[in-house]
Each structure stands twice: as C-alpha cells, then as structure tokens.
Amino acid sequence: ISCDWSSDVCSSDLCGCVDFAFRIFSQMPVRNLITWNSMISGFAQNGRGGEAIKMFNEMIKLGVKPDRISFVSVLFACSHSGLLDQGRQYFVSMKDNYRIKAEISHYSCMVDLLGRAGKIEDAEDLINSSEFRNDSSLWAALLGSCTTGTDPTVAERIAKKMIDRKSTRLNSSHKRS
C-alpha cells in the first residue's frame with residue numbers, strides 16, 4: 001500500500017497538483033523520506049516556499065532525517081521566497097548537523113539565493129571557497145544575478161572568470177588529445 005501512496009504523492013506533485021498531493025499525504029498511514037521529499041519539493045516548485053519550509057521542519061520534528069534531496073528542496077524554497085538567513089542556516093546545518101556534503105545542486109541553490117538577495121560578492125566568495133569553483137554553471141548562475149542593479153564592474157569580473165574557466169578547460173582538453 002505505501003508504494004501506491006508514494007507514487008500518488010509523487011505524480012501529483014509533478015503535475016502541479018500540490019493540494020491534491022497534500023491531501024493524499026495527509027491521509028497516509030505511514031510516511032517515509034520519499035513522500036516527505038515529494039511534498040517539500042512540490043510546495044517549493046509550485047511557489048509555496050513557506051509551506052515547503054514548514055513541511056521540512058515538521059519532518060525533522062517527527063524524527064525523519066533529511067537527505068541531500070531534502071536540502072536541495074528547502075534551499076530552493078528559501079531562494080524563491082527570499083529567505084536569505086534561513087537558507088544560510090539550512091546550508092550550514094546540512095553539513096554540521098546532518099553530515100551531508102554539499103553538492104553542486106546545493107551550491108547552485110545558494111548562489112541563486114544570494115544573487116536574488118543582491119549578495120553578489122557573498123555568492124562569489126561561496127563559489128570560490130567551494131570545490132566547484134571551476135564549474136561554469138555556478139558562474140553562469142551568478143552572472144545571471146548581475147542583471148539587476150549590480151555594479152557593472154562586478155558583472156564584468158564574474159564574466160571574465162567564466163571565460164577564463166572555459167578557456168582553461170578547453171586548453172586542458174586539447175592537451176590531453
């Protein structure tokens with residue numbers, strides 16, 4: 001039975017019927033990490049970040065340990081709801097409290113969160129301090145954040161970093177050939 005319930009929750013979230021998914025979720029006799037993640041993600045991706053965060057906190061309160069997917073969803077929710085401080089807390093908590101190593105998807109959410117909050121330099125510092133500092137997708141996300149009200153010299157510096165990383169990657173791939 002729980003397999004059917006889980007697939008109903010997951011498929012309802014994917015089609016944007018998050019209210020229907022929540023009704024199913026609420027009636028489930030047993031909830032697991034997959035169903036919790038589906039609801040958190042469903043709320044986050046349907047513009048209901050506050051509800052996603054509430055679900056995340058409720059999951060933890062009930063003793064369900066979050067995983068990397070849980071944190072991607074809650075960071076996405078924070079980013080799209082403008083909850084900078086909460087997003088930062090979750091990012092730190094992921095590592096410190098749950099021993100989950102941040103992946104590029106977590107960094108991408110944080111770069112988006114910081115960029116939307118106008119914290120371009122903080123996002124740049126975060127990228128530079130990460131093991132993903134050479135990944136052009138993070139720099140592209142940050143550059144996208146520079147389109148609104150950012151000092152043009154900052155945007156130029158970030159664009160230059162992107163170009164430098166791409167040309168370094170191209171040069172090293174030609175050397176291997």
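- A 4.5 Å side-chain heavy-atom check between Lys101 and Lys95 finds every atom pair outside the cut-off.
- No continuous path of hydrophobic side-chain contacts links Val92 to Leu84 [ILVMFWY only; heavy atoms under 4.5 Å].
- Nearest heavy-atom pair, Leu33 versus Asp67, reported as atom, atom and distance to 0.1 Å: CD2-OD2, 3.3 Å.
- Here the CZ atom belonging to Arg88 is positioned 12.5 Å from the CG atom belonging to Leu75, to the nearest 0.5 angstrom.
- A continuous path of ILVMFWY side-chain contacts below 4.5 Å connects Met28 to Phe22, so both sit in one hydrophobic cluster.
- Annotation: side chain of Ser70 is in contact with side chain of Phe56 (closest heavy-atom distance under 4.5 Å).
- Minimum heavy-atom separation, Ile158 to Cys146: CD1-SG, 3.7 Å.
- Between the His106 side chain and the Arg68 main chain, a donor and an acceptor come within less than 3.5 Å of each other.
- Ala52 and Ala44 make their closest contact through CB-N, 3.7 Å (heavy atoms, listed as atom of the first residue, atom of the second, distance).
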Test side chain to side chain donor-acceptor pair (under 3.5 Å) applied to Ser93 and Asn97, step by step: CA-CA 5 Å; Ser93 170; Asn97 299 340; 3.1 Å; yes
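- If you take OG on Ser130 and CG on Asn128, they are separated by 8.0 Å, rounding to the nearest 0.5 Å.
- Side-chain contact between Ile60 and Pro66 is present, with heavy atoms from C-beta onward closer than 4.5 Å.
- No side-chain donor-acceptor contact under 3.5 Å links Ser41 to the backbone of Ser38.
- Across every non-hydrogen atom of Leu113 and Gly87, the tightest pair is CD2-CA, 3.7 Å.
- Here the CD1 atom belonging to Ile69 is positioned 6.0 Å from the CG atom belonging to Asn37, to the nearest 0.5 angstrom.
- Taking 4.5 Å as the limit, some side-chain heavy atom of Met55 sits within range of a side-chain heavy atom of Phe25.
- With a 4.5 Å cut-off on side-chain heavy atoms, Phe76 and Asp112 do not count as touching.
- Other residues, nucleotides and ligands place more than 12 heavy atoms under 6.0 Å from the CZ atom of Arg116.
- Val64 places none of its side-chain heavy atoms less than 4.5 Å from the side chain of Arg31.
- Taking each heavy atom of Ala155 and Leu143 in turn, the nearest pair found is O-CD1, 3.6 Å.
- The two atoms that bring Ser73 and Ile40 nearest to each other are CB-CG2, 3.6 Å, heavy atoms only.
- A single hydrophobic cluster is seen to contain both Met110 and Val154, as judged by linkage of ILVMFWY side chains at heavy-atom distances under 4.5 Å, directly or through other members.
- Note on Val72: it does not cluster hydrophobically with Tyr90, by side-chain heavy-atom contacts below 4.5 Å among ILVMFWY residues.
- For the atom pair CG of Leu138 and CG of Asn134, the computed distance is 10.5 Å after rounding to the nearest 0.5 Å.
- Of the possible donor and acceptor atoms, none in the side chain of Ser81 sits under 3.5 Å from a partner among the backbone N and O of Cys78.
- Under a 3.5 Å cut-off, the side chain of Arg48 and the backbone N or O of Val18 do not form any donor-acceptor pair.
- One distance of note links CH2 of Trp36 with CE of Met59; it measures 7.5 Å at 0.5 Å rounding.
- The structure places CZ of Phe132 at 11.0 Å from OG of Ser108, a figure rounded to the nearest 0.5 Å.
- Side-chain contact between Met94 and Phe91: present, with at least one pair of heavy atoms (C-beta onward) separated by less than 4.5 Å.
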Stepwise side-chain contact (heavy atoms from CB on, under 4.5 Å) test for Tyr107 and Ile127: CA-CA 7 Å; Tyr107 278 97; Ile127 295 170; over 6 Å; no
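- Below 30°, between 30° and 60°, or above 60°: for Phe71 and Tyr98 the angle between ring planes is between 30° and 60°, a tilted geometry.
- Between Lys65 and Ile100 the shortest side-chain heavy-atom distance does not fall below 4.5 Å.
- Side-chain atoms of Ser129 come within 3.5 Å of backbone N or O of Asp125 as a donor-acceptor pair.
- For Glu58, the CD atom sits in a packed shell: over 12 heavy atoms of surrounding residues, nucleotides or ligands are nearer than 6.0 Å.
- Connection of Leu62 to Val74 is established within a shared hydrophobic cluster, with ILVMFWY side chains joined at heavy-atom distances below 4.5 Å, either directly or through further cluster members.
- Glu124 pairs with exactly one of Arg157, Lys119, Arg133 by the salt bridge (Lys or Arg N to Asp or Glu O under 4.0 Å) rule, that one being Arg157.
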